[in-house]
Amino acid sequence: MMFQWLQKLFSAPAAASPPPAAPAPRAPAVPPAAVRPAAPGAPQSGPSFEQRDNINAAYYHWLFGTGGSSELETTEAENQVLAALSQILSSHQSGAALVRRLPGLIPQLLQSLRSDNFSAVHLSRTISSDVVLVAAVLRMANNARVANGTQITSVEHAIMLLGSEGLRHLITSVAFRPIIDMNSGHYTRSLAPRIWDQSERSALANRLLAEEMGVDPFEAFLAGLVQYVGLIVTLRIMDQSDKHGTQLGSEMFCASLLRDARALSCSIGREWHFPDSVVTAISEQAGARKGVQLSAMGRLLAQSDYLSKVRILAEAGHADPAEPALFKGLAPSALACYRALDKIADDTPQPDGAPVLAT
């Protein structure tokens, strides 16, 4: 069960009930101390329904490159995608089977990292047999080194610098990161990296804000990371229905696609035996309506999703971070979190011909 082995990854060997930890796929641009828990009993704030609706519209226009188009009629290609997705949801087909399986080395590394007294030599030999892990370990170590330090080129040196906790964080993000096949279709090549970037930032925001929302940081991290896994799965269907990348992206299509893709994410989460709180929070985003109350995890996910999208749109020049309306009603901790959502360049090489999705 995926959730069980992820829990083991962040547990001490002798712990009877492992305490939740906070994996971080990227280093915050501001120290975690800048995001302070709210005072006990303080009202929880977050983006309004209108704020989220406006940012979602702008984000998906940017994602699909539709330039603000508000077409309400779906094209034939869009109907084909929605029909195929609906068939997956209504059938007994495993949604999890459509997602890339975990790298074979991950269980070995998991076992080694359960003790702080790990062997750097042994780990370096294991990691060195996987080019993706080698690149990820070296990149993270060089990001963490002091400014005047020398370039780290040895896997063993990188392991000693990162320590067991840094490696645990790294391996979790690598385990979930989709492999992008550059020989795949337009939508997978163009949209998958963007969707994953937003998911990582959302996961980071969840981790930073979980404590003040009274939510388990580990479960919050997973919710942010996997909420769009169903959408990533759907990209292959989109590639098959629109090989030139010109017929998908109407407003009606995006609304239906996101609703069904979130349903698929929930189905995958249940197959992976994720906690009910995670699956419920993802489901709540799909059915969000004005005035509808969300669970604590659902409110956290809605806020982190909003903050990560605003940050991405601002970086792309499609939102003005100086616009007060974007952050109206948000707590100071949310603003500090927003400033932490920097993008870290991912230069991890992808294996030639590696599939995005397992079949």
Side-chain angles (χ1 to χ4, degrees), residues 2-15 18-33 100-180 193 196-197 199-201 203-204 207-208 217-218 221-222 224-225 340 342-352 354:
M2 183 175 291
F3 180 66
Q4 275 78 0
W5 80 249
L6 282 172
Q7 279 189 314
K8 290 180 182 178
L9 180 62
F10 293 96
S11 64
R26 60 178 80 249
V30 295
R100 176 194 85 132
R101 294 177 178 86
L102 294 171
L105 288 179
I106 296 298
Q108 298 177 39
L109 293 170
L110 164 63
Q111 188 63 33
S112 299
L113 288 169
R114 292 198 66 199
S115 169
D116 286 333
N117 299 319
F118 60 86
S119 166
V121 174
H122 173 73
L123 279 178
S124 67
R125 288 174 181 168
T126 304
I127 291 173
S128 294
S129 63
D130 189 305
V131 64
V132 173
L133 284 174
V134 168
V137 167
L138 292 178
R139 184 184 67 254
M140 186 174 184
N142 280 297
N143 285 339
R145 79 185 192 283
V146 293
N148 60 353
T150 58
Q151 185 79 8
I152 297 173
T153 58
S154 161
V155 173
E156 187 172 348
H157 184 190
I159 289 172
M160 295 303 295
L161 176 65
L162 294 174
S164 60
E165 196 63 25
L167 285 171
R168 289 177 186 130
H169 296 166
L170 175 68
I171 288 171
T172 300
S173 62
V174 169
F176 280 96
R177 182 182 295 123
I179 298 175
I180 309 302
W196 182 249
D197 174 40
S199 297
E200 283 193 310
R201 298 196 204 202
L204 172 60
R207 181 180 70 86
L208 293 175
F218 178 60
F221 171 81
L222 292 178
L225 206 58
D342 287 326
K343 178 177 181 179
I344 292 181
D346 185 2
D347 56 358
T348 304
Q350 299 294 344
D352 294 336

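Given the structure is predicted, the values throughout are model-derived calculations rather than measurements. Side chains included, hydrogens not; waters and symmetry mates left out as well; all remaining heavy atoms used. Counting begins at 1 with the first residue of the sequence.
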Output the distance between atom CG (L162) and atom NE2 (H157), rounded to the nearest 0.5 Å.
9.5 Å
Which atom names give the shortest non-hydrogen contact between A340 and L208, and what distance separates them?
CB-CD1, 3.8 Å
A side-chain contact here means heavy atoms from C-beta on lying under 4.5 Å apart; do R207 and L204 qualify?
yes
With rounding to the nearest 0.5 Å, note down the distance linking CG in L138 to OG1 in T153.
7.5 Å
Validation row: W196, L225 side chains within 4.5 angstrom (heavy atoms)
yes
